[in-house]
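The structure appears below as C-alpha cells.
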Amino acid sequence: MSSEVERRFRVDLLEWGKENRREYPWRESNRTLYEVFVAKFFLTQTPADNVAAVYPRFLERFPTLDAIAKASEDELVEAIVPLGFQNMRAGALKQIASKHDHLPTEPESLMELPRVGRYVANATLCFARGDQLPVLDRNVERVYSRVFRDTWPEAESDQLAFTKRLVPSEARSYNLALLDLGALVC
DNA sequence: AAACCGGGGCT
DNA sequence: AGCCCAGGTTT
C-alpha cells in the first residue's frame with residue numbers, strides 16, 4: 001500500500017531521471033556484476049571523473065577477480081594510485097579476490113567483504129542486476145528527508161525500511177535518478 | 001549510537 | 001595548515 005504522495009514522487013523522479021541522467025562508463029548496459037562492483041568500490045570518497053579516468057584501463061588489466069588474485073599487490077596499487085586510498089583498496093581487493101572467484105549476489109553476503117558496506121552492496125546489485133534494493137548515500141538521504149520531511153525516520157534501519165517500499169520495479173532507473181538528483185541538489 | 005579512520009578537496 | 005566530508009570500521 002503506497003500513498004499518493006509516494007506514487008507521485010516515484011513517477012516524477014523517474015521522469016526527471018530520463019532527462020537528467022549522467023553518462024558514465026559503469027552505467028553502460030551489459031556491465032557485469034564485477035564491473036559495476038569495481039566502479040562502486042572506487043566511487044566511495046572519490047569524484048566520478050577521477051574514477052572514469054582509470055576505470056577502462058583497470059578493467060582491461062583486471063577483467064575478472066581472478067586477474068586480481070593472480071596480480072601482485074604492487075601492480076594493483078599502481079593501477080589505482082590516482083584514486084587515492086590505494087593501499088587500503090588494493091589490500092581489500094586482494095582479500096576479496098583471494099577468497100572468491102565470483103561475487104555473491106545477496107547484499108548481506110557482499111557486505112561481509114572488506115570495505116563493502118550497505119551502500120556499495122545495494123548499489124552494486126541494483127545497478128548490475130536490477131535488484132529492487134534501496135540505495136542510500138548522504139545525498140540521497142538529503143533528498144528523501146526533504147521530500148518526506150514529516151515522515152522520514154532518523155535511524156538508518158528505519159530509513160532502509162522506509163525506502164525499500166518506495167523502490168519500484170524499474171529499480172535501476174529509480175536509483176540512478178536519485179543519485180543524480182542528490183548530486184545535483186546537494 | 002558514536003567515535004574513529006584515511007586521505008581528497010576546499011579555503 | 002586546518003577543516004570538512006562520506007562511507008566503512010570499530011567500540
Side-chain angles (χ1 to χ4, degrees), chain A residues 13 22 24-27 31 33-58 62 65 68 73-100 103-129 131 133-149 151-164 166-167 171-172 174-186:
Chain A
L13 179 65
R22 298 172 296 174
Y24 290 112
W26 48 90
R27 291 188 176 192
R31 283 295 184 194
L33 182 61
Y34 167 77
E35 289 168 341
V36 174
F37 172 79
V38 164
K40 284 294 147 187
F41 190 78
F42 290 161
L43 281 166
T44 59
Q45 295 158 306
T46 305
D49 289 346
N50 294 8
V51 177
V54 313
Y55 186 69
R57 198 193 324 266
F58 183 90
F62 305 102
L65 280 180
I68 293 178
E73 189 157 330
D74 284 350
E75 193 182 358
L76 201 51
V77 168
E78 191 187 352
I80 63 181
V81 72
L83 302 178
F85 298 88
Q86 60 277 159
N87 294 313
M88 206 173 68
R89 294 206 255 220
L93 285 176
K94 264 304 219 183
Q95 268 184 258
I96 292 168
S98 71
K99 295 193 184 93
H100 298 82
L103 293 169
T105 55
E106 286 298 320
E108 266 55 8
S109 309
L110 266 182
M111 286 174 67
E112 289 171 11
L113 308 180
R115 315 260 4 137
V116 178
R118 173 64 66 188
Y119 171 78
V120 168
N122 282 15
T124 297
L125 292 173
C126 175
F127 297 138
R129 292 157 41 89
D131 291 2
L133 295 166
V135 170
L136 212 46
D137 69 3
R138 291 288 208 270
N139 287 343
V140 169
E141 190 185 332
R142 277 190 270 262
V143 171
Y144 276 131
S145 70
R146 288 176 198 183
V147 173
F148 302 103
R149 65 181 73 75
T151 47
W152 183 245
E154 291 291 320
E156 186 200 333
S157 58
D158 295 335
Q159 291 175 356
L160 284 168
F162 186 104
T163 310
K164 195 174 179 182
L166 287 174
V167 180
R172 232 184 299 242
Y174 175 88
N175 280 322
L176 282 177
L178 218 35
L179 289 185
D180 288 342
L181 182 60
L184 185 81
V185 164
C186 313

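Throughout, a chain's letter reflects where its sequence line sits, starting with A, and its residues are numbered from 1.
Nearest to the side chain of Met88(A), among dA6(C), dG6(B), dG7(C), sits dG6(B). In the set dA1(B), dG7(C), dG9(B), the nucleotide with an atom closest to the side chain of Pro47(A) is dG9(B).
When the nearest nucleotides of DNA chain B are assigned to Gln45(A) and Asn50(A) by heavy-atom distance, the more 5′-ward of the two goes with Gln45(A). For the pair Met111(A) and Asn139(A), nearest-nucleotide mapping onto DNA chain C gives the more 5' position to Asn139(A).
We find that CG of Leu43(A) is positioned 11 Å from P of dG7(C), with the value rounded to whole Å. In this entry the distance linking CZ of Phe42(A) with P of dG6(B) reads 20 Å, nearest Å. Residue Glu156(A) contributes atom CD, which lies 13 Å from atom C1' of dA2(B) at whole-angstrom precision. Rounded to whole angstrom, the span from the CG atom of Leu179(A) across to the P atom of dA6(C) amounts to 14 Å. Protein atom CD1 of Ile80(A) is 15 Å distant from nucleotide atom C1' of dG8(B), rounded to whole Å. In this structure, the CG atom of Asp49(A) is 16 Å from the P atom of dG8(B), given to the nearest Å. Rounded to an integer number of Å, the gap from CZ of Phe85(A) to C1' of dC5(B) is 9 Å. One can place CD of Gln159(A) at 10 Å from P of dA1(B), the figure rounded to the nearest angstrom.
In this structure, Tyr119(A) reaches the sugar-phosphate backbone alone: every heavy-atom distance under 4.0 Å involves primed, P, OP1 or OP2 atoms, never a base.
Tyr144(A) and Tyr174(A) have tilted rings, their planes meeting at an angle from 30° to 60° on a 0 to 90° scale.
When the shell of 6.0 Å around CD of Glu75(A) is examined, it contains more than 12 heavy atoms from other residues, nucleotides or ligands.
Each of Leu93(A), Leu125(A), Leu65(A) was evaluated against Phe37(A); a single residue qualifies, Leu93(A), per the side-chain contact (heavy atoms from CB on, under 4.5 Å) test. Results of the side-chain contact (heavy atoms from CB on, under 4.5 Å) test with Ile80(A) over Phe58(A), Phe41(A), Phe62(A) single out Phe58(A) as the only residue that passes.
Tyr24(A) has its ring centre no less than 6.0 Å from the ring centre of Tyr55(A).
At least one side-chain nitrogen or oxygen of Arg142(A) sits closer than 4.0 Å to the OP1 or OP2 atom of dA6(C). Remark: Asn87(A) is not in phosphate contact with dG6(B), judged by side-chain N or O atoms under 4.0 Å from OP1 or OP2.
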